[in-house]
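Heads up: the structure comes next, in structure tokens.
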Amino acid sequence: MTQIKNICCIGAGYVGGPTMAVIAQKCPEINVTVVDINEERIKAWNDEDVENIPIYEPGLSNVVKEARDRNLFFSTDVDAAIDKADMIFISVNTPTKTYGIGKGMAADLKYIELCARQIARVSKTDKIVVEKSTLPVRTAEALKNILDNTGNGVNYQILSNPEFLAEGTAVDDLMNPDRVLIGGDIDTTEGKKAVDALVDVYAHWVPREKLLTTNVWSSELSKLTANAFLAQRVSSINAMSELCEKTGADVNEVSKAVGMDSRIGSKFLKSSVGFGGSCFQKDILNLVYISKSFGLHEVADYWEQVILMNDHQKRRFAAKIVQTLFNTVSGKKIALLGWAFKKDTNDTRESAAIYVADYLLNEQAEIVVYDPKVKTEQIYADLDYLNTRSSEENRARVTVVDGAYKATKDAHAIAVLTEWDEFKELDWQKIYEGMLKPAFLFDGRRLLDRKTKENIGFEFYAIGS
Ligand code: UDX
Ligand code: UDX
């Protein structure tokens, strides 16, 4: 069997960073080098104070502390790391295309292709190339084509090893995964050897029965399917939340009753202001695009509805705020508690908060934001990216503060957009006293206790009740 001694990972992001840190911690005899073209990011990963690493994940700094400079390295020297490695993980981002054919739907594979060309140019020994980024089905084939035709005559095996970690629980998900999926060319001896080499890496800490091997295409499609199913559950319960609001049913009670059916299960049934994150929307759009390109229009429409429902939920929440505040928020101060797409992460990609803020800004509201982990520049960058108004205007109309009490002082309304635990512990009586009356509280995460807040005097609205 091929014994892996040197691993290189291209992309030091939310997936590459934590995944490699855990591999390095669990496999002390393997050297792991994480490379990235972003110098700032690499500098932050190497920061002397391990609390300054660029990604906030509970438990991650301890893992990095243990392995960094022992067998875990962060570098910008991509060529050197590729040259040395037996196994190369590609973990660069694959955003939705913003131009040309497939605009707004297909995955943009330009970074993946650049990586493949760089690997082909540099490699002088055989390599196992592992797709860690989520990719459209049959991308491995394209990768192989580039590597075989532009390379230096060395042999490549391509594996698909999709990541199932969720942000906020990444370290735990990596340490105790439900399963690890490894797709490869299992019908050939060389392919099987490559798959076994990666199985061996994970077997350092994951029980063998959880290491699933499949052909490459099943592995690629399984990742898209898993994310589509998870997102579909959120859209399903969110669809019910609107019906609950009309009928007097309580979505939490419905969710509990439905989730206790062991065939359905209780996870991913929490209604919210809408799912966010870097994966769900992108992966479903990708699935829709692939289905359409094969002429499977019913399949495409079926999955697209999950996204349409999610867009509706975000819009509906923002519209409810305007409507409740006597149909105008012009000049009114609205405090947003939370900007990250979920708790315990500083990631804001596709966060519902961005869209709610944008909607309220279009209605001329003054927005004040507090999030425990998201940096001020990130909040402005997220709004600027939408291109709805000038960056100067976003800075004039949105204020970012460093505490919930500051954010809510003199506000007309509060919208809870991320379920950070600390929001549950706030002194809501004090907050109420600091606000203009009537004081409105909109809970987009169903985080807060309705009765107590109403007893304090808030006009209280929660998704689905
Ligand atoms: C990853 C996957 O790539 C994505 O497909 C999957 O769906 C989720 O996980 P993530 O780690 O969250 O994305 O992305 P990001 O945090 O943006 O990290 C990607 C890194 O790759 C960035 O730091 C970027 O600088 C780096 N990169 C990108 C390179 O080093 N080289 C490139 O050519 C492009
Ligand atoms: C997801 C997948 O879970 C993970 O396996 C994959 O590798 C990447 O995509 P992530 O996006 O990090 O992970 O977070 P996840 O916990 O799945 O949450 C996604 C969004 O759905 C969040 O905005 C979250 O708040 C929302 N959500 C989740 C709900 O609104 N209700 C729920 O019941 C669960």
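First listed ligand is number 1; within each ligand, the first listed atom is number 1.
Near Gly13, meaning under 4.0 Å from any of its heavy atoms, are these atoms of ligand 1: 11 (O), 15 (P), 16 (O), 18 (O). Ligand-side atoms of ligand 1 in range of Ser91: 3 (O), 19 (C), range being under 4.0 angstrom from any heavy atom. Atoms of ligand 1 lying under 4.0 Å from at least one heavy atom of Ser133, given by number and element, are 2 (C), 3 (O), 5 (O).
With Tyr355 as the aromatic partner, Lys314 meets the cation-pi criteria of under 6.0 angstrom to the ring centre and within 45 degrees of the ring axis. Arg179 forms a cation-pi arrangement with Phe164, by the criterion of a distance under 6.0 Å to the ring centre and an angle within 45° of the ring axis.
Between Trp420 and Tyr56, the angle of the ring planes lies from 30° to 60°, which puts this pair in the tilted group. Aromatic ring orientation, Phe268 versus Phe280: tilted (interplanar angle from 30° to 60°). The aromatic rings of Tyr202 and Trp205 lie tilted to each other, with the angle between the two planes from 30° to 60°.
The immediate protein surroundings of ligand 2, defined as residues with any heavy atom under 4.0 Å of it, consist of Glu163, Phe164, Leu165, Ala166, Glu167, Lys223, Asn227, Leu230, Val234, Phe268, Leu269, Lys270, Ser272, Phe275, Gly276, Cys279, Phe280, Phe341, Lys342, Arg445.
Of the heavy atoms in Asn93, both backbone and side-chain atoms come closer than 4.0 Å to ligand 1.
A donor-acceptor pair shorter than 3.5 Å can be found between the side chains of Asn215 and Ser218. Side-chain contact check for Glu141 and Asn145: no donor-acceptor pair (N or O, by modelled atom type) lies under 3.5 Å.
Between Asn38 and ligand 1, no pair of N/O atoms sits closer than 3.5 Å.
Aromatic pair Phe229/Trp303: centroids less than 6.0 angstrom apart.
Of the inter-residue distances, the one linking Phe442 atom CZ with Phe317 atom CZ reads 7.5 Å to the nearest 0.5 angstrom.
Residue Leu114 places every heavy atom at 4.0 Å or more from ligand 1.
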